[in-house]
Amino acid sequence: MREKLLYTAQVKALIDKVAGLDNAEGDQRLKKIVARVVTDLMQTIEDFDVSPTEFWAAASYLEKVGMSHEMGLLIPGLGLEHFLDLRMDQEERAAGLIGGTPRTIEGPLYIEGAPLSKGEARLDQDPETGEVLFMDGQVKDAAGKPVAGAIVDVWHANTAGWYSHFDQSQTPFNLRRRIETDEDGRYKFRSMLPAGYGVPPDGPTNELLAAIGRHGKRPAHIHFFVSAPGYRKLTTQINIDGDPLLHDDFAFATRDELIPAITHHTDPAEINARGLNEPFATITFDFTMHKEAADLPKAVVERAHAA
Ligand code: BEZ
Ligand code: FE
């Protein structure tokens with residue numbers, strides 16, 4: 001049995017120096033976090049007898065993740081974005097905030113500045129073949145009162161699972177809109193039912209997932225930020241019911257309360273009444289927001305977005 005270097009005075013002193021704990025300068029909390037992360041990494045190296053060759057392979061891997069702009073994929077794939085959600089849920093519960101529409105991960109594919117319209121919008125601007133979706137609902141407060149003037153910022157993938165901006169073949173802001181709720185707190189939009197998303201098959205996220213026997217796919221879903229003055233910003237998604245991966249999301253974002261019923265309409269009269277030639281789908285989903293208060297944990301997550 002090899003001696004555990006981690007517990008020697010020499011390595012303890014090394015960690016203290018590495019994290020700046022032996023001086024009075026800098027950020028005290030950051031020093032402690034750096035010390036913990038370095039200690040945990042050293043412990044992993046010792047416990048699993050990680051060789052220098054393996055270690056440098058891991059370092060190159062992380063470099064590749066950054067260079068491929070895949071941090072936003074790897075983090076949810078490792079369950080960490082969902083873990084941050086669970087922590088925010090826990091903090092809110094502790095502050096007495098119960099109920100409301102559950103949050104779920106933002107993911108890395110939001111773009112700021114989508115076109116804004118009142119009450120309703122059409123999201124699909126590029127021609128696609130697939131099932132037309134009409135979605136509507138109401139934004140309410142915890143007492144069930146409609147929230148007029150809320151902004152429903154919605155974005156989703158196309159029928160091939162790709163997001164505009166990241167997929168240069170789509171026009172800017174395709175399948176991305178901001179809708180201001182009407183005086184009854186209502187929003188509605190027309191779009192195309194999205195397909196599920198998959199991480200790039202040749203990228204480093206998929207490389208790690210495949211190496212641990214996992215896939216990098218998400219079930220079909222639609223993202224929302226819902227915000228209104230005086231209310232806590234809600235970051236959430238709905239899933240498209242019936243997707244085979246509904247409960248097998250590589251990013252762990254599915255929540256039971258976020259799977260609304262979907263109706264597939266095949267009646268020719270209904271199809272005709274909508275001005276369509278093919279069957280279409282409808283979903284109704286209401287959002288319940290909480291009022292903001294000074295003593296509540298922060299609802300807004302600041303995060304860099306692609307631009
Ligand atoms: C998405 O929302 O599509 C997504 C979320 C996490 C990782 C990759 C994609
Ligand atoms: Fe998504």
Side-chain angles (χ1 to χ4, degrees), residues 72 81-82 84-123 125 133-156 163-165 172-191 221-239 253 255 257-258 260 283-307:
E81 196 169 352
H82 180 56
L84 294 177
D85 277 349
L86 294 176
R87 278 182 46 82
M88 285 190 284
D89 292 349
Q90 186 185 48
E91 269 186 308
E92 286 183 349
R93 272 196 309 274
L97 218 56
I98 310 286
T101 303
R103 64 164 52 80
T104 196
I105 70 163
E106 174 185 324
L109 303 168
Y110 176 73
I111 298 294
E112 285 168 13
L116 175 65
S117 55
K118 280 197 196 278
E120 59 185 294
R122 179 158 175 179
L123 274 58
Q125 58 197 37
L133 167 70
F134 294 97
M135 180 161 171
D136 67 358
Q138 209 173 6
V139 178
K140 302 178 191 174
D141 69 13
K145 194 171 137 272
V147 181
I151 302 295
V152 177
D153 197 337
V154 48
W155 72 103
H156 67 78
Y163 285 80
S164 64
H165 182 91
F173 294 112
N174 187 40
L175 307 172
R176 299 177 187 273
R177 287 294 183 273
R178 286 176 299 153
I179 306 166
E180 186 181 328
T181 56
D182 68 13
E183 59 279 8
D184 296 321
R186 295 195 178 277
Y187 74 91
K188 62 179 173 180
F189 63 82
R190 171 180 167 163
S191 196
H221 59 276
I222 300 177
H223 297 262
F224 300 92
F225 286 147
V226 186
S227 46
Y231 289 87
R232 291 171 66 72
K233 179 179 173 183
L234 173 66
T235 299
T236 196
Q237 305 176 22
I238 59 143
N239 278 103
R255 301 193 120 171
E257 304 90 330
L258 300 175
I283 293 175
T284 295
F285 189 79
D286 295 342
F287 298 97
T288 301
M289 305 182 78
H290 285 292
K291 288 229 165 73
E292 192 53 289
D295 54 348
L296 291 175
K298 216 172 156 208
V300 174
V301 174
E302 276 150 43
R303 170 173 181 168
H305 294 123

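Excluded from the calculations below are hydrogen atoms, water molecules and symmetry mates; all remaining heavy atoms, backbone and side chain alike, are included.
- Residue Lys233 places its NZ atom among more than 12 non-hydrogen atoms of other residues, nucleotides or ligands, all under 6.0 Å distant.
- Nearest heavy atom pair, residue His290 against residue Ala142, reads ND1-CB, 4.2 Å.
- A donor-acceptor pair under 3.5 Å is formed between the side chain of Thr181 and the backbone N or O of Ala150.
- Panel note: side chain Gln138, backbone Asp184; a donor-acceptor pair is recorded below 3.5 Å.
- Looking at Thr288, its side chain never comes within 3.5 Å of a backbone N or O of Gly99 through a donor-acceptor pair.
- Arg190 places no side-chain N or O within 3.5 Å of a backbone atom of Arg122 that could act as its donor or acceptor partner.
- Between the side chain of Asp286 and the backbone N or O of Gly137 there is no donor-acceptor pair closer than 3.5 Å.
- Looking at every heavy atom in both residues, Pro260 comes nearest to Ile283 through CG-CG2, 3.7 Å.
- The nearest pair of heavy atoms linking Glu120 to Ile179 is N-CG2, 3.6 Å.
- Taking the six-membered ring where the residue is Trp, Trp155 and His223 present parallel rings, their angle staying beneath 30° rather than reaching 60°.
- A donor-acceptor pair under 3.5 Å is absent between the side-chain atoms of Arg178 and the main chain of Glu112, judged by distance alone.
- Aromatic rings from Phe285 and Phe224 are positioned such that their centres are separated by 6.0 Å or more.
- Here the side chain of Arg303 pairs a donor or acceptor atom with the backbone of Gly107 at under 3.5 angstrom.
- For Gln237 (side chain) and Ile105 (main-chain N/O), a donor-acceptor pair under 3.5 Å exists by modelled atom type.
- For the pair Arg255 (side chain) and Pro102 (backbone), a donor-acceptor distance under 3.5 Å is absent.
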